[in-house]
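Quick caveat: nothing in here was measured; it's all calculated off a predicted structure.
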Amino acid sequence: MVHLGLGAFHRSHQAWYTQHAGDSAEWGIAAFTGRRPEAAAVLAEQDGLFTVVERSGTGDSFEVIGSIAEAVDGADVGRLAELVAAPDTAIVTLTITEAAYAAVDSDMDDNSTPLARLVTALAARRDAGTGPLAVVSCDNLAHNGTVARQAVGVLARAKDADLAAWIDFNVSFVSTSVDRITPRTTPDDVAAVAEQCGYRDQAAVVTEPFHNWILSGDFPAGRPQWEDAGAVFVDDIEPYENRKLWLLNGAHSILAYAGQLRSHSTVAEALADPVCRKAVEDFWDEASRHLSGDALGIPEYRQALLERFGNARIAHHLSQIAMDGTTKLRLRALPVLDAERAAGRTGDGAARMIAAWIAYVSSKDDFQDPLAAGIREAKTLDGEHRTAALLALVNPALAGDPALVAQIHRLQDPLATTISHA
């Protein structure tokens, strides 16, 4: 396997599942970093070994994971092409963030992004004649396999029409829903591993005991027996994607923006705030109306989320979740807002998520977003003009609906009780 996006989540999820597959001895992962090379350097010094710390409300457990066979700087496109072209490579997995798919440009031919580098590597596989393989997106996008296929197709057609045709025929794109809360590792976490395990692990990851992976698609060159670790393979993944995107990720966005406005720093702190908790529950009530099927177990899933979010020993920082809001809101808030309004309801729960984001970026000078320049320009406006300009960055159609602009503008004030608008 080759992985693009070597980070904490990959180590706690795909690498963990591969370690626990029944045929794990037959598989190894060559993992490439995304934005920075440091993670590869640290793991290379440790021969790819790292510790997963499962942190429950009552204590920690420690496990050394050895499924990463090679850790590589993502800028090393030559090694990526060599590995993807190798006959033993069967799968490429991706954790490159939602924004990486939105940033695809048909003029992009400089290997500056993970998907551009993937297309270069797939060209090497075609030239080597080593046959089909699967690309597996593990990012928080609805129909992420389809989105990955489309993005790769745009880049491949711009590069070489024959390459695009080869990819269409030889590369399967698997959709997945991934779920395991994995905050950034802190120096205290590294110290805890040293104290409890007797070694210093600079690549340790802390995660919750819960884990979930649902996959849909073909693996023409084979795959690990991930089902032995609890992975589930389904024909129709959309209901599971929506359950995760709306209930877990949507709640995270509400807590990230409203929680920071109310001076909280972690998910557990924000959830304990009655204002934030009610905003989450109201949104869940709306989203749940559009998640049908007993197999989804929505009441049980919601209860489990409350327990997971409330685990104060997992310091999941709201500042981390708050990144890339314009991209995330399109996936987490807009589908529920559209469905509620189409049914003749207000959609206040989903609208409040957007309102919280607007109040948050209006109060902050430092934030990460692919449309950061547009956000800063919108912040030069006042009142509903600012709200409309920020809404247009999420979806231009929203800004053209005066009633919706007024609704979202009104919903900002009850959330911003401690940080005033800039």
Go through it in stages, so that I can follow the logic: the residues are Q14 and T95, the test is side chain to side chain donor-acceptor pair (under 3.5 Å), and I'd like the CA-CA distance, side-chain angles, deciding distance and then a yes or no. CA-CA 10 Å; Q14 298 91 42; T95 53; 4.6 Å; no

Does the distance from a Lys or Arg side-chain N to an Asp or Glu carboxylate O, for R341 and D401, drop under 4.0 Å? yes

Return the minimal non-hydrogen interatomic distance between P220 and S172, and the atom names on each side. CD-OG, 3.3 Å

Minimum heavy-atom distance between V174 and S216, given as atom pair plus value: CG1-O, 3.4 Å

Return yes if some donor-acceptor pair links the side-chain N/O of E286 with the main-chain N/O of G349 below 3.5 Å, else return no. yes

Side chain proximity check, L337 to M353, heavy atoms < 4.5 angstrom: no

Show, in sequence, the C-alpha distance, side-chain angles and deciding distance for R330 and N395, and conclude whether the side chain to side chain contact (heavy atoms under 4.5 Å, CB included) test is met. CA-CA 8 Å; R330 295 183 197 120; N395 186 325; 5.7 Å; no

So, taking the atom named OG1 in T89 and the one named CD1 in I29, what distance separates them when rounded to the nearest 0.5 Å? 12.0 Å

Does A204 offer a backbone N or O that forms a donor-acceptor pair with the side chain of T185 under 3.5 Å? yes

To the nearest 0.5 Å, how far apart are OG1 in T327 and CG in N140? 12.0 Å

Atom CG of L245 and atom CG of L141: how far apart are they, to the nearest 0.5 Å? 7.5 Å

What I want to find out is whether D179 reaches R243 closely enough, with some N-O distance under 4.0 Å, to be called a salt bridge. no

F210 side chain reached by I181 side chain, heavy atoms, under 4.5 Å: no

Is there side-chain contact between K328 and W357, with at least one heavy-atom pair below 4.5 Å? no

Compare all side-chain heavy atoms of L4 with those of L80 and state whether any distance is below 4.5 angstrom. yes

Could you check whether Q407 and T346, counting side-chain N and O atoms only, form a donor-acceptor pair closer than 3.5 Å? no

Report the C-alpha distance between R386 and H409 in whole Å, list the side-chain angles of each, state the deciding distance to 0.1 Å, and finish with yes or no for side chain to side chain contact (heavy atoms under 4.5 Å, CB included). CA-CA 9 Å; R386 173 187 287 190; H409 187 73; over 6 Å; no

What is the distance from atom CZ of R262 to atom CD of E269, rounded to the nearest 0.5 Å? 13.0 Å

Quick check on D218: does its CG atom have over 12 non-hydrogen neighbours (other residues, nucleotides or ligands) under 6.0 Å away? no

If you look at every heavy atom in W284 and A251, which pair is closest and at what distance? NE1-CB, 3.6 Å

Taking atom types as modelled, find out whether S12 and R180 have a side-chain donor-acceptor pair closer than 3.5 angstrom. no

So, the side chain of T120 versus the backbone of A116: is there a donor-acceptor pair under 3.5 Å, distance only? yes

Is there any ring-ring contact (aromatic ring centres under 6.0 Å, His included) pair reaching into residues 314-346, and which pairs are they, with sequence neighbours excluded? H252-H316

Within the 4.5 Å heavy-atom criterion, are L391 and I408 side-chain neighbours or not? yes

Taking all non-hydrogen atoms of both residues, which atom of R11 and which atom of A15 are closest, and how far apart? O-CB, 3.7 Å

Salt bridge (Lys or Arg N to Asp or Glu O under 4.0 Å) between E281 and K278, intermediate numbers included: CA-CA 5 Å; E281 295 274 16; K278 185 177 189 305; over 6 Å; no

Counting N and O atoms only, with roles assigned by atom type, does the side chain of Q303 sit under 3.5 Å from a partner on the main chain of P299, one being a donor and the other an acceptor? no

Flag side-chain contact, heavy atom, 4.5 Å: E63 against H20: yes

For residues 229-242, please give each side-chain donor-acceptor pair under 3.5 Å, one per line with the distance, not counting sequence neighbours.
residue, atom, partner, partner atom, Å
D236, OD1, E238, N, 3.3
E241, OE1, H143, N, 3.0
E241, OE2, H143, N, 3.0

Check whether S288 reaches the backbone of D285 with its side chain - one donor and one acceptor, N or O, closer than 3.5 Å. no

How long is the straight-line distance from CH2 of W16 back to CD1 of I65, given to the nearest 0.5 Å? 8.0 Å

Close side-chain approach of F32 and V92, heavy atoms under 4.5 Å: no

Taking atom CZ of R313 as the centre, does the number of heavy atoms from other residues, nucleotides or ligands within less than 6.0 Å exceed 12? yes

Could you check whether the rings of Y257 and Y360 sit parallel, tilted or perpendicular, using 30° and 60° as the cut-offs? tilted

Which atoms form the tightest heavy-atom contact between Y101 and L115, and what is the distance? CD2-CD1, 4.0 Å

List the atom of D324, the atom of P370, and the distance in Å for their closest heavy-atom pair. OD1-CD, 3.4 Å

State whether R332 and E98 are salt-bridged, where the test is any N-O pair (Lys NZ or Arg NE/NH1/NH2 against Asp/Glu carboxylate O) under 4.0 Å. yes

With a 4.0 Å cut-off, would you call R117 and D76 a salt bridge? no

Hey, is D160 close enough to R126 for a salt bridge, meaning N to O under 4.0 Å? yes

Going by an N to O cut-off under 4.0 Å, is there a salt bridge joining D73 and R79? no

If we check ring pair (Phe, Tyr, Trp, His ring centres under 6.0 Å) with Y17, which of these qualifies: F9, W213, W226? W213

Working for side chain to side chain contact (heavy atoms under 4.5 Å, CB included), residues L411 and I354: CA-CA 9 Å; L411 289 169; I354 303 171; over 6 Å; no

F219 vs I91 side-chain heavy atoms within contact, under 4.5 Å: yes

Which value, rounded to the nearest 0.5 Å, describes the distance between T97 atom OG1 and M323 atom CE? 10.5 Å

Measure from the side-chain N and O atoms of K379 to the backbone N and O of V361, and report whether any donor-acceptor pair falls under 3.5 Å. yes

Is it the case that the side chain of Q320 and the backbone of P183 share a donor-acceptor pair, with hydrogens and angles ignored and the cut-off at 3.5 Å? no

Go through the steps to decide whether V136 and N144 satisfy the test side chain to side chain contact (heavy atoms under 4.5 Å, CB included), and finish with yes or no. CA-CA 9 Å; V136 184; N144 51 17; over 6 Å; no

